[in-house]
Engineer: 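Quick one: this structure, given as structure tokens, is what I'll be asking you about.
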Amino acid sequence: MASKCNRLSGPLLQQLLGSVDNVLFDCDGVIWRGDQAIAGAPAVVNSLKKNGKRVFFVTNNSTKTRAMYAEKLSRLGFDARQEDVFGTAYCSAVYLKHISKLAGKVYLIGSKAMAQELENVGIQNVGVGPDPISGGQSDWASVPLDPEVKAVLVGFDEHFSYMKLNRALHYLSNSDCLFVGTNTDTRLPLEGGKAVPGTGCLLRAVETAAHRQAQVVGKPSPFMFECVASEYGLDPARTLMVGDRLDTDILLGTRCGLKTLLTLTGVSRLEEAQAHQESGCPTRSELVPDFYVESVSELLPALQG
């Protein structure tokens with residue numbers, strides 16, 4: 001299994017499944033699209049569990065809590081608990097609480113789900129919802145700030161605005177204020193080849209205004225894997241990362257020493273992976289998966305055989 005970007009089937013599939021104890025799945029584009037499970041995906045996940053594998057779900061989407069994801073997984077036919085879900089809303093809360101040891105509030109550019117995950121670990125937050133602009137530039141330069149805010153957290157925020165950007169700048173002018181971002185995905189792909197701006201656009205705006213770089217917790221940051229590994233004692237060498245994006249899922253797997261599997265039901269194309277492989281560039285080689293399948297459903301025969 002030394003060469004990379006192999007089509008996964010037959011004996012190779014059996015060999016891979018025998019070499020792993022843990023499987024991490026990205027969600028959108030891998031096991032579901034929108035509100036529909038990808039054909040065969042629930043059976044694959046449930047069969048992996050029946051075969052004694054530990055299965056986890058890792059997503060950069062910060063708009064849902066673990067509980068919301070568990071409800072969706074259950075509704076779509078997956079055997080999953082909320083403890084199996086590691087989204088960036090939860091991982092950001094873990095990072096601030098246990099890694100940064102935050103003692104104070106968070107100014108949150110993000111969703112109600114992110115606020116809930118922060119509150120679940122005892123972190124108060126301010127900022128969710130619209131922040132309408134008023135006054136002129138002199139008012140904006142002296143905008144009221146909460147003195148208890150000790151961190152700025154940026155995730156997906158449909159109410160992102162100039163005033164939120166301005167407020168974040170002023171909080172981050174204090175060098176002791178922590179700066180965390182959920183992920184750097186610049187686009188959210190939709191059905192039919194359409195897309196909308198992603199969290200990365202908002203995070204880049206705040207970084208530009210503040211003249212600071214955020215600590216990113218989502219894929220491909222190794223912290224995403226470390227968050228799972230620290231709770232469950234995962235051995236990287238016996239863990240498989242399954243994803244549809246080379247620049248997040250596969251790169252995370254490569255950086256963390258995991259086996260990697262690209263599924264072609266989402267964002268990245270096989271031709272992109274092959275181009276990275278043929279480039280001979282060490283940096284681009286990190287984006288090459290060990291294996292690929294058209295769909296995760298191709299794992300099913302080996303699991304039910």
Side-chain angles (χ1 to χ4, degrees), residues 22-38 41-46 48-49 53-100 102 105-129 151 153-159 180-183 185 188 198-199 216-219 221 223-234 241-244 248-249 252 296:
N22 321 293
V23 185
L24 309 184
F25 284 97
D26 177 47
C27 295
D28 200 23
V30 177
I31 60 171
W32 66 56
R33 279 205 199 96
D35 287 321
Q36 297 291 323
I38 285 175
V44 167
V45 166
N46 299 345
L48 281 166
K49 289 195 164 191
K53 310 298 184 186
R54 293 190 292 182
V55 177
F56 304 95
F57 306 92
V58 290
T59 172
N60 276 358
N61 189 322
S62 62
T63 65
K64 291 183 175 66
T65 62
R66 301 178 102 184
M68 292 164 71
Y69 271 115
E71 187 278 327
K72 179 173 182 175
L73 285 159
S74 177
R75 177 163 40 86
L76 295 180
F78 295 92
D79 173 16
R81 311 164 302 152
Q82 74 174 53
E83 293 81 13
D84 302 330
V85 180
F86 289 80
T88 50
Y90 172 73
C91 291
S92 297
V94 170
Y95 181 85
L96 287 165
K97 180 73 173 181
H98 299 293
I99 306 301
S100 299
L102 178 69
K105 294 181 184 177
V106 166
Y107 176 61
L108 175 59
I109 295 177
S111 62
K112 290 181 180 177
M114 292 178 67
Q116 184 61 58
E117 293 289 21
L118 288 169
E119 288 159 15
N120 287 348
V121 298
I123 297 176
Q124 291 182 279
N125 57 90
V126 296
V128 172
L153 172 59
V154 180
F156 185 78
D157 189 343
E158 63 191 35
H159 299 293
V180 178
T182 57
N183 62 293
D185 302 45
L188 300 177
T199 301
V216 176
V217 301
K219 299 173 291 184
S221 167
F223 181 74
M224 197 78 175
F225 174 68
E226 291 161 10
C227 197
V228 188
S230 63
E231 286 192 33
Y232 289 95
L234 307 192
M241 176 70 222
V242 186
D244 70 313
T248 55
D249 306 316
L252 170 77
V296 291

Engineer: As an exercise, state the distance from OG1 of Thr88 to NZ of Lys64, rounded to the nearest 0.5 Å.
Structural biologist: 11.5 Å

Engineer: When rounded to the nearest 0.5 angstrom, what is the spacing between CZ in Phe225 and CG in Leu24?
Structural biologist: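 Between Phe225 CZ and Leu24 CG, I get 6.5 Å after rounding to 0.5 Å.
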
Engineer: Quick check: do Val296 and Val30 have side-chain heavy atoms less than 4.5 Å from each other?
Structural biologist: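 When only atoms from C-beta onward are counted, Val30 and Val296 do touch, with a gap below 4.5 Å.
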
Engineer: For the residue pair Asn61 and Leu188, establish whether any side-chain heavy-atom pair is separated by less than 4.5 Å.
Structural biologist: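 Asn61 does not reach Leu188 side chain to side chain.
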
Engineer: Do Met114 and Thr182 have side chains that get closer than 4.5 Å, going by heavy atoms?
Structural biologist: yes

Engineer: Between Phe78 and Val55, is any pair of side-chain heavy atoms under 4.5 Å apart?
Structural biologist: no

Engineer: Report yes if the distance between the aromatic ring centroids of Tyr95 and Phe223 is under 6.0 Å, otherwise no.
Structural biologist: yes

Engineer: Under the rule for side-chain contact (heavy atoms from CB on, under 4.5 Å), what residues qualify as partners of His159, not counting sequence neighbours?
Structural biologist: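 Residues passing side-chain contact (heavy atoms from CB on, under 4.5 Å) with His159: Pro130, Asp157, Lys164.
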
Engineer: Give every residue pair that meets the side chain to side chain donor-acceptor pair (under 3.5 Å) criterion with at least one member in residues 27-37, sequence neighbours excluded.
Structural biologist: none

Engineer: Give the minimum heavy-atom separation between Thr199 and Val154, together with the two atoms involved.
Structural biologist: CG2-O, 4.2 Å

Engineer: Check step by step if side chain to side chain contact (heavy atoms under 4.5 Å, CB included) holds for Leu73 and Gln82.
Structural biologist: CA-CA 9 Å; Leu73 285 159; Gln82 74 174 53; over 6 Å; no

Engineer: Would you name the heavy atoms of Cys227 and Phe86 that are closest together and state the gap between them?
Structural biologist: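 Distance-wise, the nearest heavy atoms are O-CE2, 3.7 Å.
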
Engineer: Would the distance check show the side chain of Ser62 and the main-chain N or O of Phe156 forming a donor-acceptor pair, the cut-off being under 3.5 Å?
Structural biologist: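 Confirmed, Ser62 side chain pairs with Phe156 backbone.
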
Engineer: Tell me, do Leu234 and Phe56 make a side-chain contact under 4.5 Å, heavy atoms counted?
Structural biologist: yes

Engineer: Is there a side chain to side chain contact (heavy atoms under 4.5 Å, CB included) between Glu117 and Ser92? Walk through the geometry before answering.
Structural biologist: CA-CA 8 Å; Glu117 293 289 21; Ser92 297; over 6 Å; no

Engineer: Looking only at non-hydrogen atoms, find the nearest pair between Arg54 and Gly233 and report the distance.
Structural biologist: NH2-O, 3.9 Å

Engineer: Judged by atom type as modelled, is there a donor-acceptor pair below 3.5 Å linking the side chain of Ser74 to the main-chain atoms of Ala70?
Structural biologist: no

Engineer: State, yes or no, whether a side-chain contact exists between Val85 and Met68 at a heavy-atom distance under 4.5 Å.
Structural biologist: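 Of all side-chain heavy-atom pairs linking Met68 with Val85, none is under 4.5 Å.
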
Engineer: What heavy-atom pair brings Ala41 and Ile31 nearest, and what distance separates the two atoms?
Structural biologist: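 Heavy atoms of Ala41 and Ile31 come nearest at CB-O, 3.6 Å.
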
Engineer: Indicate yes or no for a side-chain donor-acceptor contact from Asp79 to the backbone of Asn46 under 3.5 Å, with no hydrogens or angles considered.
Structural biologist: no

Engineer: Using every non-hydrogen atom in the two residues, find where Arg66 and Glu231 come nearest and quote the distance to one decimal.
Structural biologist: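 Minimum heavy-atom contact is NH2-OE1, 4.3 Å.
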
Engineer: Are the side chains of Lys49 and Asp84 in touch, meaning some heavy atoms are under 4.5 Å apart?
Structural biologist: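 Sidechains of Asp84 and Lys49: in contact.
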
Engineer: Got more than 12 heavy atoms from elsewhere within 6.0 Å of CD, Gln124?
Structural biologist: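 No, the 6.0 Å shell around CD holds no more than 12 heavy atoms from other groups.
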
Engineer: Can you list everything that forms a side-chain contact (heavy atoms from CB on, under 4.5 Å) with Glu83? Sequence neighbours excluded, please.
Structural biologist: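 For Glu83 the side-chain contact (heavy atoms from CB on, under 4.5 Å) partners, ignoring immediate neighbours, are Arg81, Tyr232.
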
Engineer: I need the minimum non-hydrogen distance between Asn183 and Asn60, along with the two atoms involved.
Structural biologist: OD1-O, 3.4 Å

Engineer: Could you state the interatomic distance from CG (Asn125) to NZ (Lys105), rounded to the nearest 0.5 Å?
Structural biologist: 9.5 Å

Engineer: Between the side chain of Lys219 and the main-chain N/O of Val58, is any donor-acceptor distance below 3.5 Å?
Structural biologist: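 Indeed, once roles are kept as given, a pair shorter than 3.5 Å links the two residues.
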
Engineer: Would you call Val228 and Asn22 a side-chain contact if the rule is heavy atoms closer than 4.5 Å?
Structural biologist: no

Engineer: Could you give me the CA-CA distance, side-chain angles and deciding distance for Leu153 and Leu118, then say whether side chain to side chain contact (heavy atoms under 4.5 Å, CB included) is met?
Structural biologist: CA-CA 10 Å; Leu153 172 59; Leu118 288 169; 4.1 Å; yes

Engineer: To the closest 0.5 Å, what do you measure between CG (Asp249) and CG (Asp26)?
Structural biologist: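 Asp249 CG to Asp26 CG: 4.0 Å, rounded to 0.5 Å.
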
Engineer: Any chance you could measure Glu226, atom CD, to Ser221, atom OG, to the nearest 0.5 Å?
Structural biologist: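 That separation rounds to 7.0 Å.
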
